[in-house]
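Worksheet for the structure shown next.
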2 protein chains.
Amino acid sequence: MHGLMMNQPLLISSQLEFAARFHSSVEVVTRTVEGPIVRTTWGHVAARVKKLANALVAAGIKEGDRVATLAWNTQRHLEVYFAVSSIGAVLHTINPRLPPEQLAFIVNHAGDAMLCFDTTFLPLAKHLASVPTPIKHWVALTDDAHLPTESGIPNLRSYEALLSGMAETFTWPVLDENAASSLCYTSGTVGLPKGVLYSHRSTVLHSYAIAMVDALAISGQDVTLPVVPMFHVNAWGVPYAAAMVGSKLVLPGPALDGKSLLDLIEAEGVNSALGVPTVWLGLLAAAKAAGKKMSTLKKVTIGGSACPPSMITAFQEEHGARVLHAWGMTELSPLGTACVLMPKHASMTAEQKLAVQLKQGRPIFGVDLRLVDDSGAVLPHDGKTSGHLQTKGSWVASEYFNLKDQSQHKDGWFFTGDIATIDGDGYMQITDRSKDVIKSGGEWVSSIDVEHAAMLHPQVAQAAAIGIPHERWVERPLLVVVKQKDATVTAAQLKEFLEAKLVKWWVPDAIEFVDALPIGPTGKILKRTLREKFAGYKL
Amino acid sequence: MHGLMMNQPLLISSQLEFAARFHSSVEVVTRTVEGPIVRTTWGHVAARVKKLANALVAAGIKEGDRVATLAWNTQRHLEVYFAVSSIGAVLHTINPRLPPEQLAFIVNHAGDAMLCFDTTFLPLAKHLASVPTPIKHWVALTDDAHLPTESGIPNLRSYEALLSGMAETFTWPVLDENAASSLCYTSGTVGLPKGVLYSHRSTVLHSYAIAMVDALAISGQDVTLPVVPMFHVNAWGVPYAAAMVGSKLVLPGPALDGKSLLDLIEAEGVNSALGVPTVWLGLLAAAKAAGKKMSTLKKVTIGGSACPPSMITAFQEEHGARVLHAWGMTELSPLGTACVLMPKHASMTAEQKLAVQLKQGRPIFGVDLRLVDDSGAVLPHDGKTSGHLQTKGSWVASEYFNLKDQSQHKDGWFFTGDIATIDGDGYMQITDRSKDVIKSGGEWVSSIDVEHAAMLHPQVAQAAAIGIPHERWVERPLLVVVKQKDATVTAAQLKEFLEAKLVKWWVPDAIEFVDALPIGPTGKILKRTLREKFAGYKL
């Protein structure tokens with residue numbers, strides 16, 4: 001027997017229509033690629049989305065066609081997000097930080113029919129125009145006044161010219177909710193990038209999930225600044241959820257330096273900001289340099305990499321902004337867990353609370369987690385046993401797009417490639433990537449814990465621990481450190497500092513100082529490059 | 001082209017499993033029908049749900065079968081909720097406040113195969129056992145020690161005896177997410193009650209929705225007290241959402257008087273409570289009598305009837321608990337709107353904020369609203385124009401269960417029977433039920449506004465405005481008032497008070513004092529009964 005409820009498909013177009021009907025006066029503010037700050041509203045955005053939808057259809061874009069973007073977080077990118085998926089085409093956001101040869105690979109692998117790019121990325125677009133690709137339409141996300149001349153790109157049009165004269169009405173097709181809505185490739189730090197093909201259903205369910213109190217708590221009561229890029233994993237789903245709940249959106253465009261973010265936060269009254277740790281290092285440094293407390297900021301969501309404890313302390317104690325530590329992956333749309341405290345933690349000391357906040361958090365309903373050992377046996381959730389983290393759920397990829405090797409998907413579970421623990425309350429903590437784990441004498445050293453301990457030293461800016469082959473212990477940790485400006489700390493002093501913070505056998509055997517660490521396209525430290533650099537290193 | 005995401009059905013069993021896996025130590029506390037307060041955990045509840053599932057299957061309950069309950073908010077009722085729906089049967093919650101002849105009607109209309117009842121409702125169960133019904137299994141929600149003897153009910157078993165010896169493991173069937181999960185009948189103040197048949201999909205989507213920050217914000221960070229009964233409209237969905245987010249649940253059992261609620265709130269550290277206005281009148285009076293400020297309470301969600309301004313002020317100013325005004329209906333699972341303020345309201349005066357809070361609020365994504373006039377033409381959202389409120393959405397009934405007259409469902413919209421306004425930000429305000437509206441000289445007098453104005457008088461306990469036929473104006477308002485204890489206010493004094501608060505033509509022509517107002521089974525004032533009582537009244 002079926003229920004007797006209206007069964008409307010879960011569609012991205014419904015989120016946009018809802019914003020237009022009930023949140024039309026709420027602002028969308030962009031620091032543009034051209035420079036000025038541009039203010040508009042969800043109502044105006046929705047009208048322009050319909051103009052774009054008409055333009056896409058006029059250009060011959062059909063259901064299932066892929067439309068690629070190489071773009072910052074801007075109003076125009078937001079419009080492309082909603083228009084492409086809502087007409088039934090597939091939004092393919094490309095990470096401009098990928099190496100050029102990988103760009104060409106994924107454009108061909110995805111079969112992109114159109115590319116919309118910010119003028120910042122003109123060199124990348126030119127490169128793509130110089131190699132064989134299926135791209136038929138080239139659109140620069142600007143107006144005619146700023147359209148690059150003599151780019152050599154065939155039939156290059158400005159976005160504003162494309163929209164010009166188009167009608168502001170469009171009847172959205174009633175799509176199958178399982179239709180593909182968007183496509184994002186993993187960062188491909190090992191091998192070629194792999195494509196994750198999201199659906200309307202997974203996107204809408206993920207939107208509900210991240211708007212929950214215990215998840216990212218995206219709210220119409222907030223002024224939200226997604227620093228997390230719209231060119232990777234849907235900016236953690238913020239554009240969709242913001243439309244749904246009517247949040248004021250502040251989009252930082254290309255200016256992701258600390259000073260620019262600080263100015264934007266203060267000027268727009270941002271109270272909720274989301275991004276990866278590297279971005280927040282810059283913001284905190286800028287605030288310190290300016291001697292400013294961020295007065296409006298109430299919540300900072302940190303994901304992408306494990307959040308160092310020093311960062312949580314800085315936001316919470318110096319700026320009065322609560323840190324929400326979250327974990328996700330491209331294959332999870334991306335949200336998997338969020339770290340909120342339970343009522344029973346209320347009586348804890350600040351230090352004890354910090355220890356909880358350092359965990360990646362508890363799964364959001366819709367996502368299940370488990371740990372397995374090397375043989376695939378399920379491990380207990382005791383907060384101590386670490387194992388390979390697997391997940392399944394409503395917004396978890398079932399397979400990669402058009403890929404032969406689907407070995408990460410097995411028996412209905414996705415192998416994340418992370419090593420983690422889960423405690424009795426469901427708090428998950430990642431201790432390593434399985435490929436980065438340091439195996440010492442049959443035990444695992446958590447490279448993340450070693451790095452976080454090092455970053456507690458006031459003269460350490462960044463740190464990365466890698467395993468170096470060792471005759472007796474198989475591997476032993478080497479810590480590679482970037483010092484703060486004008487720092488004087490020596491390797492011996494830092495080792496002594498670590499001896500007071502870590503169990504003895506986790507203390508690195510050696511410490512090397514470098515000027516910079518290799519960073520991948522999504523802001524993560526490239527440990528593989530580091531291991532190559534230190535190949536043959538003698539402890 | 002379909003997305004490549006895991007497409008798992010949205011099922012109520014998944015919420016329970018999630019609670020068992022990740023929130024197992026979170027408490028569920030019940031004031032039992034037997035008297036004592038009983039403490040357990042979600043983990044223990046989940047284990048007992050599986051025992052009950054085995055017992056139901058052993059009793060021959062199959063997918064699609066209806067299992068009825070006549071029960072308070074208790075742990076056992078919670079277990080019945082999850083077990084019945086999770087095995088694929090349909091949970092039919094019956095409102096014990098319905099007249100006995102309507103009880104028998106709906107048990108037959110629903111085709112209930114089993115009835116689980118609290119011993120409080122033994123007389124109702126006896127009545128049902130004395131008339132023809134399809135009920136084959138009778139279960140008293142108690143243990144053998146408290147099982148009524150010589151009830152005359154055939155094969156009556158206690159719930160604990162039913163569970164005894166059953167296994168704590170059960171493999172939930174993978175149901176179609178559109179399968180019926182539960183059934184609730186409207187209160188039937190006009191005509192016979194009508195059945196709304198919810199699905200697993202609608203229930204899970206509604207759970208996500210109510211856990212959103214801008215909706216009911218059900219959270220694992222809260223200690224939640226649903227005073228709103230589980231015997232009507234799923235206690236606003238709180239049991240499902242609480243399992244999903246891991247909220248501590250405090251269930252008040254049969255003791256809904258102010259004093260009992262006050263004690264429970266203080267003893268269990270309740271910070272979030274949900275219920276109808278009449279319940280809160282009792283709680284506020286009890287707190288006043290005890291001279292107590294409710295120290296833990298942070299949020300009171302008020303729905304079911306329009307919330308009088310005096311109640312909002314009392315909670316917010318005397319107890320420091322924010323009031324969330326919400327609106328829903330049986331046909332909406334029930335949540336339609338919730339009234340949270342927008343950032344732009346931050347600079348308002350307390351009085352201006354109160355005026356916003358008195359509105360029923362903005363629609364939650366998943367529910368759409370519109371206003372139409374008598375001819376069906378769509379009306380503007382200007383905050384002034386009032387019209388018939390229509391709705392559609394993911395958790396809105398598409399039709400009534402097994403009913404010939406489906407005239408409330410038309411062109412994909414459900415006719416709520418409410419008269420409302422909607423402003424430019426989507427804030428909806430109900431001004432009347434369409435059948436209660438007072439038509440004076442071609443204009444509508446909002447009976448709700450008249451009543452709320454009267455309740456601002458310190459000597460008025462309750463008030464109801466009804467239309468009395470009038471030769472010149474078609475109808476004019478009569479105000480029927482229940483005075484506070486020891487009140488001395490006269491009709492003339494009250495009229496003078498109202499003249500200062502209302503536009504002239506809304507001021508009632510007459511005021512009558514009564515000892516009590518007729519209250520329907522869901523706590524609403526029965527205006528029809530009142531109109532019958534005052535039939536022939538001369539203004």
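Keep in mind that the numbers below use all heavy atoms, side chains included, and drop hydrogens, waters and symmetry copies. Letters A, B, ... mirror the listed sequences (proteins, then strands); counts begin at 1.
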[X] versus chain B, heavy atoms under 4.5 Å apart: side chain, backbone, both or neither?
X        : answer
A:Glu177 : side chain
A:Arg201 : side chain
A:Ser182 : neither
A:Lys344 : side chain
A:Ile364 : backbone
A:Thr391 : backbone
A:Tyr198 : both
A:His200 : neither
A:Asp176 : side chain
A:Ser202 : side chain

Among the options [options], pick out the one with the most heavy-atom pairs lying under 4.5 Å from chain B.
options                                : answer
A:Ala179, A:Gly426, A:Gly43, A:Ser25   : A:Ala179
A:Ser14, A:Gly88, A:Ala211             : A:Ala211
A:His381, A:Glu399, A:His409, A:Met1   : A:Met1
A:Pro363, A:Ala243, A:Gly412, A:Ala241 : A:Pro363
A:Met6, A:Met212, A:His23              : A:Met6
A:Lys248, A:His345, A:Arg362, A:Met342 : A:Arg362

Have [X] and [Y] got a donor and an acceptor in their side chains that come within less than 3.5 Å?
X        : Y        : value
A:Ser247 : A:Thr224 : yes
B:Glu331 : B:Tyr400 : yes
A:Asn178 : B:His2   : no
B:Ser219 : A:Asp214 : yes
A:Gln408 : A:Lys194 : yes
B:Gln15  : B:Ser207 : yes

Option that, when pairs with chain A are counted at under 4.5 Å, heavy atom only, ranks first among [options]:
options                                : result
B:Leu369, B:Leu4, B:Val213             : B:Leu4
B:Gly64, B:Pro343, B:Ala19             : B:Pro343
B:Ser199, B:Gly393, B:Ala346, B:Gly246 : B:Gly393

Ring pair (Phe, Tyr, Trp, His ring centres under 6.0 Å) between B:Tyr240 and B:His206, worked out: CA-CA 9 Å; B:Tyr240 304 114; B:His206 184 264; 8.5 Å; no
Contacting moiety of B:Ser333, where chain A heavy atoms sit under 4.5 Å: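 B:Ser333 touches chain A through side-chain heavy atoms alone.
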Side chain / backbone / both / neither for B:Asn7 at chain A, heavy atoms under 4.5 Å: side chain
Main-chain N/O of B:Leu335 paired with B:Trp395 side-chain donor or acceptor, under 3.5 Å: yes
Rounded distance [0.5 Å steps], OG1 in B:Thr41 versus CG in B:Leu249: 12.0 Å
Residues A:Arg21, B:Asp368; criterion salt bridge (charged side-chain N to carboxylate O under 4.0 Å, His left out); working and verdict: CA-CA 9 Å; A:Arg21 280 176 70 74; B:Asp368 197 359; 2.9 Å; yes
Aromatic contact, A:Phe365 with B:Tyr208 (centres under 6.0 Å): yes
Ring-ring centroid check B:Phe401 B:His109, cutoff 6.0 Å: yes
Audit row: B:Asp222, B:Lys298, salt bridge (charged side-chain N to carboxylate O under 4.0 Å, His left out) steps and yes/no: CA-CA 9 Å; B:Asp222 284 341; B:Lys298 293 282 164 277; over 6 Å; no
